[in-house]
Amino acid sequence: MKKFSLIFGLFLVVATLWAARTRVIVTSDIGGSDPDDQQSLVHLLTLLDRVELEGVIYQYAWVSFNRADQVKAVSGVLDAYESV
């Protein structure tokens with residue numbers, strides 16, 4: 001009986017750790033001339049059943065940028081995700 005309890009307890013610990021989702025913070029230079037950042041953000045949102053998204057940090061790249069364009073790009077992707 002002790003052996004069964006030990007194996008069952010170990011199984012519960014492993015199952016709990018396996019089910020825990022990884023917490024993620026994403027950084028991006030979204031809003032520039034290259035659309036790959038929006039595509040990457042959409043891909044991340046499709047994986048939210050596997051990770052827990054804590055935040056999205058966006059900063060300009062070396063190209064010229066407009067802060068309003070960055071906010072619009074991130075908000076547009078998140079709004080589209082919400083509507084689905």
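Throughout, residue positions are numbered sequentially from 1 according to the sequence presented.
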**Study point:** Atom pair CZ/CD of Arg23 and Glu52 - distance to nearest 0.5 Å
**Key:** 6.5 Å
Less than 3.5 Å apart, which donor and acceptor atoms pair up between the side chains of residues 74-84 and the rest of the protein, not counting sequence neighbours?
from, atom 1, to, atom 2, distance (Å)
Ser75, OG, Val71, O, 2.9
Ser83, OG, Ala80, O, 2.8

Point to revise | For Ile25, the rest of its hydrophobic cluster, which grows through side-chain links under 4.5 angstrom | key: Ile57
Pairs of donor and acceptor atoms involving the side chains of residues 40-49, under 3.5 Å and at least two apart or interchain, shall be tabulated with distances.
from, atom 1, to, atom 2, distance (Å)
Ser40, OG, Asp36, O, 3.0
Thr46, OG1, His43, O, 2.5

